[in-house]
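Heads up: the structure comes next, in structure tokens.
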Amino acid sequence: MRLGTRPDNFYTEEAIRTVLSDFPSDLTIRVNNITYLLHKFPLVPKCGLLQRLCSDRGDSRRVVLELHDIPGGEDAFELCAKFCYGITIDLSARNFVPAICAAKFLQMTESIEKGNFVSKLETFFNSCILQGWKDSIVTLQTTGTLPEWSENLGIIRKCIDSIVEKILTPPTKVRWSYTYTREGYAKKKQHQSAPKDWWTEDIANLDIDQFRCVLNTVKLTNMLPPQLIGESLHVYSSIWLTRSRPDPETSIASQMSKEESSNKKRQLETIISMIPEDRGSVSVGFLLKLLNLANILGASPVIKTQLIKQCSLQLENATPNDLLLLSSGSSDDNHHIHDIDLVKAVVESFIMRWRRHAHSRQDLIIKVVEVVDSYLQMVARDANMPVHKLVSLAKALPEFARLGHDNLYKAIDIYLKEHPQTSKEEKKQLCSVIDCQKLSPEVCAHAVKNERLPLRMVVQVLFFEQERSGSKTTTSHDFQQAETQLKTQRYNRQTTITEDHLKKLQLSLDEESSTGARRSKTPNSTRQKLEPESKHKSRRTKVVEMGSQTVEDRSKLEPRKTVIERSRSER
């Protein structure tokens, strides 16, 4: 709104503002660091405060006043002064709040003079600002500079009511301009109505306290579905909270100032407090992002526990990439950034909730197992990932839920490839989580040829494959003695054995199983018997050939089954 017709004749010389006039200044007003040389006649008749202050000075021809506490400072005072002089001023949603607060401070009301500044500002506010969508939001934003004055004058409440009223308007009746930058939306030439979440980006420009007031008012009406409330929280967090991954050398929190970190922490906690309790109101991916930020920004244990619980409610809908978001955000703990402990906490919360419900669906926990095993394959590539963390997460899931161990085997194989320096004890620790009976024939064929695996696991795979194919019945003593014999003839490229002698070794095991005789035979005697006739192939190579032949024979005899089918048939 434009008021006044006279040209602007204020000019500045150093820190003094003067009005060009044929009459000498008789009123000096100091506001902060600016001195105004003005005239009583245009100002005093319109300003109740100046009338009282000038009357206190008596008949003094020149009056000097200090108005350092005027709301809005020198800019707001100058708007009021120009209005008194009739100088053209442009009012908008951006300068309305300081203007009306200063006018109220100077008592420029109807009781002082008809058509005064306050009444014109109120008319502009009610007829223009509150009728517009973006103007209401901008005005609400500017109240942050003068919160007490804005609250006392009712500006904040009126702006919030106007914004909420428009949010609750049916999308087909939305006729005002709004911001909507979703991918693909602008390319559509015709839109029969506004999208349901048309309002989310614009209110995301508010500060967190104003945003909370608007959204809580919307929630109290119970007129919008929880998913729309959740979408507005998602948009707000995307704008105000960082989404970048932490640098393994420097955490996000350390890159921010203490004040910025504190502000983001408060924003995060406020967003979390506003998440609707309805399941599915926000995605599990969004919840995991918030959990990651809470971990990085050092949110309170209560907030983190609340988020872990909310994540566990929808964990079956998560993807491995969602879990990768969880990072330590610090250079501690050997520099690895994947926070397996946090993932484990979410998984354990899911399992506890799943077990508490008598009619929990079996397919949900199976989905979680698949997600976790895929996640393990990803983090296994981390060069600084310790073995015990991988094993800890793998064991967090109940054994009955993992119908097949193929994906778990792949994760361990990846880890051994990426960590060639893994010790024997660590290899044993890793392989202890695998049940060879739950490996598919294809994976078994790979395992018996995998030189990265401990020999004990290779032998286990061979014996379980033989048991399943029905080609051999093996006792625990046979397994231990066979393993002992193979250990004495471990990997040696220059020591070979013929296939005939391997068959003799198998016949020897069969004979010992049936008669119980010659169990005291030492491994060294067997080695002394076999070594002279070894020519070309290593002992491990021969074991691999034996295992491969067993797997191939079994694959020909049995139709191929999925991991789940084999597991069910074995039960």
Notebook entry, point to check: Side chains of Cys101 and Val97: closer than 4.5 Å at any heavy-atom pair?
Noted result: yes

Notebook entry, point to check: More than 12 heavy atoms of other residues, nucleotides or ligands under 6.0 Å from NZ of Lys120: is that the case?
Noted result: no

Checklist line | Side-chain heavy atoms of Arg17 within contact of Thr35, under 4.5 Å | finding: no

Next item on the list: Identify whether the distance between the nearest side-chain nitrogen and carboxylate oxygen of Asp90 and Arg2 falls below 4.0 Å.
Entry: yes

Item checked: Under 3.5 Å: donor-acceptor pair, side chain of Asn263, backbone of Glu260 -> no

Note to self: Looking at Arg30 and Glu66, is there a salt bridge between them, counting it only when a charged N and a carboxylate O are closer than 4.0 Å?
What the structure shows: yes

Margin query: Could you check whether any side-chain N or O of Ser162 sits under 3.5 Å from a backbone N or O of Cys159, counting only pairs where one atom can act as donor and the other as acceptor?
Written below: no

Next item on the list: Answer yes or no: is there a donor N or O on one side and an acceptor on the other, between the side chain of Glu151 and the main chain of Ile156, under 3.5 Å?
Entry: no

Next item on the list: Report yes or no: is the cationic atom of Lys46 (NZ for Lys, CZ for Arg) closer than 6.0 Å to the six-membered ring centre of Phe117, at no more than 45° off its axis?
Entry: no

Next item on the list: Establish, yes or no, whether the cationic atom of Arg182 lies under 6.0 Å from the six-membered ring centre of Tyr180 and within 45° of the ring axis.
Entry: yes

Check: Any side-chain heavy atom of Leu50 sitting closer than 4.5 Å to one from Val63?
Finding: no

Note to self: To check you understand the geometry: which heavy-atom pair defines the closest contact between Leu65 and Cys54, and what is its length?
What the structure shows: CD1-SG, 4.5 Å

Check: Is there a donor-acceptor pair under 3.5 Å between the side chain of His338 and the backbone N or O of Val379?
Finding: no

Check: Quick one: does Arg381's side chain have a donor or acceptor within less than 3.5 Å of a partner on Gln377's backbone?
Finding: yes

Margin query: Can a donor-acceptor pair be found, under 3.5 Å and without considering hydrogens, that links the side chain of Arg353 to the backbone of Ser312?
Written below: yes

Check: Should Trp149 and Phe105 count as side-chain neighbours, where that means a heavy-atom distance under 4.5 Å?
Finding: yes

Checklist line | Atom NZ of Lys196 with >12 non-hydrogen neighbours under 6.0 angstrom | finding: no

Notebook entry, point to check: Distance-only, no hydrogens or angles: does the Tyr236 side chain make a donor-acceptor pair with backbone N or O of Leu206 under 3.5 Å?
Noted result: yes

Item checked: Ala318 backbone acceptor or donor facing Lys367 side chain under 3.5 Å -> no

Next item on the list: Specify the closest pair of heavy atoms between Asp26 and His39, including all atoms of both residues, with the distance to one decimal.
Entry: OD1-CA, 3.1 Å

Margin query: Treating Asp207 as the side-chain partner and Gln210 as the backbone partner, does any N or O pair qualify as donor plus acceptor under 3.5 Å?
Written below: yes

Next item on the list: Answer whether the closest heavy-atom distance between the side chains of Ser177 and Lys134 falls below 4.5 Å.
Entry: yes

Item checked: Salt bridge flag under 4.0 Å for residues Lys158 and Asp161 -> no

Notebook entry, point to check: Which distance, rounded to the nearest 0.5 Å, do you find between the CG of Leu268 and the CG of Asn292?
Noted result: 10.0 Å

Notebook entry, point to check: If you take all heavy atoms of Leu307 and Ala294, which pair is closest and at what distance?
Noted result: CD1-CB, 4.0 Å

Notebook entry, point to check: If you take all heavy atoms of Ile112 and Pro45, which pair is closest and at what distance?
Noted result: CG2-O, 3.2 Å

Checklist line | Asp382 and Lys389 ion-paired at < 4.0 Å | finding: no

Notebook entry, point to check: Run the side-chain hydrogen bond (donor to acceptor under 3.5 Å, both in side chains) check on Thr270 and Arg212 step by step: do they pass?
Noted result: CA-CA 8 Å; Thr270 303; Arg212 184 188 69 244; 4.8 Å; no

Next item on the list: Taking all heavy atoms of Asp197 and all of Leu228, pick out the closest pair and write down the distance.
Entry: CB-CD2, 3.7 Å

Margin query: Which heavy atom of Ile89 sits nearest to which heavy atom of Leu79, and what is that distance?
Written below: CD1-O, 4.0 Å

